[in-house]
S.K.: 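Below is one structure. I have some questions about it.
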Amino acid sequence: MPSYELALMLRAMPKGELKKTLTRISHAIFNRGGIIRNIENLGFREMPYKTSSHGLVHREANYFVFKIDTATQAVADLKEENSRDVDIIRQRVFKVQEDKQHLSCTLPEELLPPAYRAEVQKMIEVGKTQVNRFTYKFKYNSGLDYYPFQK
Amino acid sequence: MALLKSLILRNAFLITHRALVSTIRPSSNASVVEDDDAPVEMENPFKKERVQCILCKLNITPDYKNYRLLSQFQSPYTGRIYGRHVTGLCKSKQALVEAEIRKAQNCGYMPYYYKDKTFLKDPKLFDPENPIRSHRF
Ligand SMILES: [Zn+2]
């Protein structure tokens with residue numbers, strides 16, 4: 001089961017209702033055979049832009065992030081169920097990025113003058129294999145008995 | 001009398017000085033000198049240190065939940081994400097930062113067209129007025 005992050009914006013509501021909403025969301029995850037690793041509360045704050053959902057305009061929201069492990073096929077189902085929930089303003093599901101081994105910084109290579117950069121050298125090599133449209137001249141003895149372009 | 005005394009004293013000093021020099025000289029004439037002057041194996045002292053971008057140096061992976069860090073790569077006037085020529089990040093980190101900013105904006109953590117006013121006084125990671133490469137903005 002891959003790990004996902006479920007970023008939710010819940011509408012402004014009293015603590016008791018919020019608790020009920022969170023349990024409802026978590027039960028929906030458990031019912032589909034998922035696991036909740038962690039629930040992060042990013043607090044109640046003003047949104048950077050107003051959002052309308054379920055016929056209401058919201059300017060503040062409770063921010064929550066669920067870290068879950070669930071089957072890939074259950075995700076669409078979960079999203080569909082959450083979209084019907086009037087307490088959820090907005091939801092986004094992201095796949096958790098795996099920790100890549102720390103690659104060394106390529107900044108010094110990128111700061112070189114263009115002629116020394118590998119990508120520019122490659123570009124020049126590719127350019128050499130192409131026909132130069134500015135200097136190319138059609139040869140009349142190419143086997144065609146007509147001029148193929150407009151004169 | 002006093003003048004004579006001082007003269008004697010100076011003479012004595014000169015003599016001792018000469019004696020000191022004469023004792024030092026023969027030892028420096030030994031074969032040790034040749035060894036000291038021989039070339040020594042060492043690393044190139046003029047080799048430049050490998051520069052790193054700030055995120056690689058501090059080993060930070062940008063994350064959409066850390067919107068305070070991400071907002072430092074945003075213009076305070078237009079909310080536009082600064083390019084690589086301004087931020088001074090390497091290609092991979094710049095791509096990551098841009099992707100995470102898009103995510104954060106989409107999740108409602110970060111505004112699109114301005115910078116959060118509580119983050120306006122955050123320390124500057126780079127100077128947009130002096131980009132690494134010139135640009136047309
Ligand atoms: Zn880097």
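Here is the naming used below: chain letters follow the sequence lines, and residue numbers restart at 1 for every chain.
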S.K.: Please classify the contact of B:Glu100 with chain A as side chain, backbone, both or neither, using a heavy-atom distance under 4.5 Å.
M.R.: side chain
S.K.: Please tell me whether B:Met110 and A:Leu42 are part of a single hydrophobic cluster in this structure, the criterion being side-chain heavy atoms less than 4.5 Å apart.
M.R.: yes
S.K.: Rounded to the nearest 0.5 Å, what separates atom CG in B:Asn59 from atom SG in A:Cys105?
M.R.: 11.0 Å
S.K.: Same cluster or not: are B:Leu58 and B:Leu70 linked, directly or through other Ile, Leu, Val, Met, Phe, Trp or Tyr residues, by side-chain heavy atoms under 4.5 angstrom apart?
M.R.: yes
S.K.: Please name the pair of heavy atoms, one in A:Phe94 and one in B:Cys107, separated by the smallest distance, quoted to 0.1 Å.
M.R.: CE1-SG, 3.4 Å
S.K.: So A:Glu119 and B:Lys91, side-chain contact (heavy atoms from CB on, under 4.5 Å) or not? Walk me through it.
M.R.: CA-CA 12 Å; A:Glu119 53 170 12; B:Lys91 258 182 189 169; 2.8 Å; yes
S.K.: Over all heavy atoms of both residues, which pair between B:Val51 and A:Leu111 is shortest? Give the atoms and the distance, please.
M.R.: CG2-CD1, 4.4 Å
S.K.: If you count the non-hydrogen atoms of other residues, nucleotides and ligands that lie under 6.0 Å from CD in A:Glu80, is the total more than 12?
M.R.: yes
S.K.: Are B:Ile132 and B:Leu55 joined in one hydrophobic group, where the rule is that I, L, V, M, F, W and Y side chains link up if heavy atoms are under 4.5 Å apart?
M.R.: no
S.K.: Do any of residues 115-128 of chain B come closer than 4.5 Å to chain A, heavy atom to heavy atom, and if so which ones, in number order?
M.R.: B:Asp116
S.K.: Is any NZ, NE, NH1 or NH2 atom of the basic residue among B:Arg50 and A:Glu109 found under 4.0 Å from an Asp or Glu carboxylate oxygen of the other?
M.R.: yes
S.K.: By the ring-ring contact (aromatic ring centres under 6.0 Å, His included) test, which pairs, at least two apart or in different chains, include something from residues 58-83 of chain A?
M.R.: A:Tyr63-B:Tyr109
S.K.: Return all side-chain donor-acceptor pairs below 3.5 angstrom for residues 130-137 of chain A, not counting sequence neighbours, or 'none' if the list is empty.
M.R.:
from, atom 1, to, atom 2, distance (Å)
A:Asn132, OD1, A:Phe134, N, 3.0
A:Asn132, ND2, A:Thr135, OG1, 3.4

S.K.: B:Asn106, B:Asp63, B:Thr61: which one forms the most heavy-atom pairs within less than 4.5 Å of chain A?
M.R.: B:Asn106
S.K.: Is it true that atom OH of B:Tyr113 has more than 12 heavy atoms of other residues, nucleotides or ligands lying nearer than 6.0 Å?
M.R.: no
S.K.: Looking only at non-hydrogen atoms, find the nearest pair between B:Cys90 and A:Glu110 and report the distance.
M.R.: CA-OE1, 3.6 Å
S.K.: Looking only at non-hydrogen atoms, find the nearest pair between A:Val65 and B:Tyr64 and report the distance.
M.R.: CG1-OH, 4.2 Å
S.K.: Between B:Ile101 and B:Ile60, is there shared hydrophobic-cluster membership here, with clusters defined by ILVMFWY side-chain heavy atoms closer than 4.5 Å?
M.R.: yes
S.K.: Flag the pair A:Arg92 / B:Lys103 as yes when at least one side-chain heavy-atom distance between them is below 4.5 Å, and no otherwise.
M.R.: no
S.K.: Heavy atoms under 4.5 Å from chain B: which residues of residues 2-39 of chain A carry them?
M.R.: A:Glu5, A:Ala7, A:Met9
S.K.: Enter the distance from A:Leu107:CG to B:Ile54:CD1 here, rounded to the nearest 0.5 Å.
M.R.: 11.5 Å
